[in-house]
Amino acid sequence: MAHPRFPGKSIDVASNFSYLTVSRPLCVNGTPWILYLLEECVDNVWEYWSVVIGMISMLCFLLSTFPQVYEAHRNGKVEEAMSFGFLLFLFSGDLTSFAGCYLTSQLPIQIVTVIFYIFTDTILISQFLYYKIKNSSPRKNPLLKWLCFLWLGLATMVLLALPKFLTDNSASLDIQSTSNKGRTSGYVCGYLSSVFYLSSRFPQLHKNFKRQSTEGTSYLLFALAMMGNGTYGLSVMVVLPSLKGSRRDFLLKHLPWIIGSLGVLLLDLFVTVQFILYRKNRSKKSSGQLKAAEVEPLLCEEEELSVF
């Protein structure tokens, strides 16, 4: 299943999800909705729950960026809170995951999911650049807002048209070529995406530490990512009892993705610690602003009295 939000899952062609081929036997006892949606024959309870947990994991990643988009709009100072390195590495990870999905001829639902991730990355990066230019300029520029809307509209149209274009082209590709050269290139993209996802957390950790604050960032972004990575690992472990082959070989084949997923999960725990530690700084800052707001009218009254 394509999960570009955690390393390597997008090109994990050896996992539970694969294309049906002509030589593949009919799925008699499989779950109908899984067969229709994912083209995977699931005929035992372990594989069924592995698929369900994997879908929950994908949903967590689908929802993870929206709280940050709202927080950036509400705060208006996203360039001070978010690290551009974090956004850039996140976008690079999704882009290489998309390449892996395409090169290994993943299912249409997987390609669409990856493109949706890239779309949300585009929104986050556009927000970052918009507020950075807006807040650094001394005068208001109405053209900036229209350019931003135009850019997002153009990106939306391209990303909406891309899935059909890619799936149509994928259907015409030579199957043998895809299974050899494409699969190897897909795994290379998967390893690269693992590096990008792991690297994305370090700029944000440094940014939070330097500011001694997490204000302007949404914790739900990291909380949902932790849920997504945790459920991914669980989906891999749940399927182990139903394996007919060697479990050791299965784990070794999935080891890079498991390490990458757990690595991101561990780094997000450090981000969680920062949110807890720096919460006191946020409350002190809020109370200081409140006191300043209360004192300011008194100072104005004193100035007026001194004039008289």
Side-chain angles (χ1 to χ4, degrees), residues 1-7 9-10 52-95 97-98 101 109-132 134-135 145 148-160 162-163 193 196-197 200-201 203-205 207-208 213-232 261 264-265 267-269 271-272 274-275 279 282:
M1 193 61 169
H3 271 284
R5 288 292 178 187
F6 46 85
K9 189 63 174 175
S10 59
V52 171
I53 295 170
M55 295 287 284
I56 293 172
S57 177
M58 185 174 68
L59 180 63
C60 290
F61 285 107
L62 283 170
L63 299 175
S64 63
T65 54
F66 290 110
Q68 182 57 44
V69 170
Y70 171 75
E71 178 66 22
H73 173 72
R74 186 189 67 82
N75 185 272
K77 296 182 179 179
V78 65
E79 79 283 359
E80 296 179 6
M82 297 293 293
S83 168
F84 189 69
F86 168 73
L87 298 176
L88 192 62
F89 279 123
L90 197 64
F91 178 75
S92 301
D94 287 339
L95 205 60
S97 290
F98 164 73
C101 275
I109 188 176
Q110 297 171 307
I111 294 175
V112 170
T113 303
V114 182
I115 291 173
F116 180 81
Y117 290 146
I118 295 174
F119 175 68
T120 56
D121 291 341
T122 305
I123 293 176
L124 287 174
I125 293 174
S126 300
Q127 263 192 328
F128 182 94
L129 296 176
Y130 170 76
Y131 283 112
K132 187 175 181 64
K134 180 184 176 182
N135 295 334
K145 183 179 290 187
C148 187
F149 281 126
L150 183 64
W151 156 246
L152 287 176
L154 182 63
T156 302
M157 288 190 291
V158 170
L159 292 172
L160 284 175
L162 200 57
S193 68
F196 284 134
Y197 288 130
S200 67
R201 267 47 179 184
Q204 190 60 43
L205 284 166
K207 182 92 171 181
N208 295 341
S213 173
T214 56
E215 187 178 3
T217 56
S218 173
Y219 178 65
L220 283 175
L221 171 65
F222 301 98
L224 288 170
M226 285 192 293
M227 290 176 62
N229 282 310
T231 48
Y232 161 66
S261 178
V264 174
L265 179 61
L267 291 174
D268 282 341
L269 287 175
V271 176
T272 302
Q274 285 185 325
F275 268 89
R279 183 185 298 176
R282 181 182 297 186

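Being a predicted model, the structure only gives us computed values, none of them experimental. The figures here come from the full heavy-atom set of this structure, side chains too, leaving out hydrogens, waters and symmetry mates.
The structure places OG of S64 at 11.0 Å from CE of M227, a figure rounded to the nearest 0.5 Å. In this structure, CD on Q204 lies 12.0 Å from CG on L267, to the nearest 0.5 angstrom. Atom CG of D121 sits about 4.5 Å away from atom CG of D94, to the nearest 0.5 Å. The line from CG of L129 to CD of Q127 is 10.5 Å long, rounded to the nearest 0.5 Å. One finds the CZ atom of F66 at 12.0 Å from the CG atom of L221 (value rounded to the nearest 0.5 Å). Here CE of M58 is found 10.5 Å from CG of L63. Values are rounded to the nearest 0.5 Å.
Looking at residues two or more places apart in sequence or on another chain, you find a side-chain contact (heavy atoms from CB on, under 4.5 Å) between L265 and M226, N229, L262. The ring pair (Phe, Tyr, Trp, His ring centres under 6.0 Å) check on F84 picks up F128, with sequence neighbours excluded. Listed by chain and residue number, Y219 satisfy the side-chain contact (heavy atoms from CB on, under 4.5 Å) test with A223 (two or more places apart in sequence, or in another chain). Listed by chain and residue number, nothing satisfies the ring pair (Phe, Tyr, Trp, His ring centres under 6.0 Å) test with Y131 (two or more places apart in sequence, or in another chain). For the side-chain contact (heavy atoms from CB on, under 4.5 Å) test, residues two or more places apart in sequence or in another chain that qualify with I123 are V69, F119, L152. Under the rule for a ring pair (Phe, Tyr, Trp, His ring centres under 6.0 Å), F89 has no partner lying at least two apart in sequence or in another chain.
In this structure, the side chain of S57 engages the main chain of G228 through a donor-acceptor pair within 3.5 Å. Side-chain N or O atoms of N135 include one that pairs as donor or acceptor with a backbone N or O of G76 at under 3.5 Å. Checked by atom type and distance alone, the side chain of Q68 pairs as donor or acceptor with a backbone atom of S218 at under 3.5 Å.
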Task: ring-ring contact (aromatic ring centres under 6.0 Å, His included) assessment of F222 paired with F86 - done: CA-CA 12 Å; F222 301 98; F86 168 73; 5.7 Å; yes
Task: side-chain contact (heavy atoms from CB on, under 4.5 Å) assessment of F275 paired with T217 - done: CA-CA 9 Å; F275 268 89; T217 56; 3.3 Å; yes
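With contacts defined as side-chain heavy-atom distances shorter than 4.5 Å, the pair F61/L224 does not qualify. Between Y117 and L62, the closest side-chain pair of non-hydrogen atoms falls below 4.5 Å.
Of all the heavy atoms in T65 and L124, the pair that sits closest is CG2-CD1, 3.9 Å.
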